[in-house]
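The structure appears right after this line, and notes come after that.
Position 1 is the first residue of the sequence, and the numbers go up from there.
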Amino acid sequence: MIINMTELPIMNWSPEQLKAACRMCTDGVIRGYELPTILPQDNTIYVQGMAVETEQNIMHQFGTDSIDAIIVQGEPIFVYTFVNACKGELKKINCYSPCYDSNGKFVKFRRF
């Protein structure tokens, strides 16, 4: 299973992006997971706590064995902390960021 944690819903992905995600996935399942709302006035420690809590919620809900990868893009402190939390799991979860060209066309997923 692939988990999409970006602001672009799966239904708006291009066929190329869907195909690339499916290649990373053993069961063909791609699920959306809503990013928490992060406000500009939120302090760094609070955002880091949200990232760790989100990672723990995902692991509890889906289990590390069923997750092939997580596609994440968003607020930098959140993403950095979230990705590092995923790397700290016993079974490390690979995280990727979608990459687009200057016209907004999907190019590839880049691994963190």
Side-chain angles (χ1 to χ4, degrees):
M1 168 182 24
I2 300 292
I3 296 176
N4 173 41
M5 277 190 26
T6 69
E7 294 177 349
L8 186 62
I10 297 164
M11 65 185 180
N12 293 346
W13 283 11
S14 68
E16 294 81 13
Q17 190 166 356
L18 284 168
K19 195 181 295 185
C22 284
R23 282 193 299 267
M24 294 190 295
C25 186
T26 56
D27 61 5
V29 175
I30 304 172
R31 293 181 181 250
Y33 195 91
E34 189 172 336
L35 286 164
T37 301
I38 300 169
L39 303 174
Q41 58 268 31
D42 290 338
N43 70 45
T44 299
I45 293 171
Y46 179 74
V47 174
Q48 290 170 326
M50 288 173 45
V52 170
E53 182 179 341
T54 301
E55 186 268 348
Q56 290 172 352
N57 288 342
I58 287 172
M59 297 312 147
H60 178 74
Q61 184 175 348
F62 300 108
T64 56
D65 291 335
S66 64
I67 301 171
D68 295 303
I70 299 175
I71 298 165
V72 59
Q73 191 172 48
E75 198 281 334
I77 299 299
F78 177 90
V79 171
Y80 176 81
T81 305
F82 179 86
V83 168
N84 282 318
C86 289
K87 289 179 180 180
E89 289 293 328
L90 291 176
K91 178 188 176 253
K92 294 174 179 31
I93 304 295
N94 291 323
C95 293
Y96 295 83
S97 178
C99 300
Y100 304 94
D101 67 15
S102 60
N103 296 316
K105 183 180 177 206
F106 174 77
V107 176
K108 67 178 183 175
F109 289 113
R110 181 175 292 134
R111 186 172 170 191
F112 281 95

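The side-chain hydrogen bond (donor to acceptor under 3.5 Å, both in side chains) test applied to S97 returns no partner, not counting sequence neighbours. Listed by chain and residue number, F109 satisfy the ring pair (Phe, Tyr, Trp, His ring centres under 6.0 Å) test with F106 (two or more places apart in sequence, or in another chain).
Side-chain N or O atoms of D42 include one that pairs as donor or acceptor with a backbone N or O of L39 at under 3.5 Å. At distances below 3.5 Å, at least one donor-acceptor pair connects side-chain atoms of N4 with backbone N or O atoms of L8. The backbone N or O of S14 sits nowhere less than 3.5 Å from a side-chain atom of K105 that would complete a donor-acceptor pair. The backbone N or O of T26 sits less than 3.5 Å from a side-chain atom of D68, completing a donor-acceptor pair.
Counting all heavy atoms, side chain and backbone alike, G32 lies closest to I10 at N-CD1, 3.5 Å. Closest approach of I71 and A21 over heavy atoms only: CD1-CB, 4.4 Å. Across all their heavy atoms, T37 and M50 have their closest contact at O-CE, 3.4 Å. Nearest heavy-atom pair, K87 versus K92, reported as atom, atom and distance to 0.1 Å: O-CG, 3.1 Å.
Counting heavy atoms from C-beta outward, I70 and V83 have side chains that stay 4.5 Å or more apart. C86 is not listed as a side-chain neighbour of F112, based on a closest heavy-atom distance of 4.5 Å or more. At least one side-chain heavy atom of I58 sits under 4.5 Å from a side-chain heavy atom of M5. For the pair T81 and V47, the minimum side-chain heavy-atom distance is 4.5 Å or more. A 4.5 Å side-chain heavy-atom check between M24 and N94 finds every atom pair outside the cut-off.
How far CD of Q61 is from OG1 of T54: 11.5 Å, rounded to the nearest 0.5 Å. Here C99 contributes atom SG and Q17 contributes atom CD; the two are 10.0 Å apart, rounded to the nearest 0.5 Å. To the nearest 0.5 Å, atoms CZ (F78) and CD1 (I38) are separated by 5.5 Å. To the nearest 0.5 Å, the span separating CD on E7 from CD on E75 amounts to 10.5 Å. Note that SG of C25 and CD1 of I67 are 11.0 Å apart. Values are rounded to the nearest 0.5 Å.
I93 and F62 fall within a single hydrophobic cluster, where Ile, Leu, Val, Met, Phe, Trp and Tyr side chains are chained together by heavy-atom contacts under 4.5 Å. Taking hydrophobic clusters as Ile, Leu, Val, Met, Phe, Trp and Tyr residues chained together by side-chain heavy-atom distances below 4.5 Å, Y46 shares a cluster with V79. W13 and V72 fall into different hydrophobic clusters, where Ile, Leu, Val, Met, Phe, Trp and Tyr side chains are chained together by heavy-atom contacts under 4.5 Å. Both F82 and M59 belong to a common hydrophobic cluster when Ile, Leu, Val, Met, Phe, Trp and Tyr are linked at side-chain heavy-atom distances under 4.5 angstrom. Residues Y80 and L35 are members of separate hydrophobic clusters, defined by side-chain heavy-atom contacts under 4.5 angstrom among Ile, Leu, Val, Met, Phe, Trp and Tyr.
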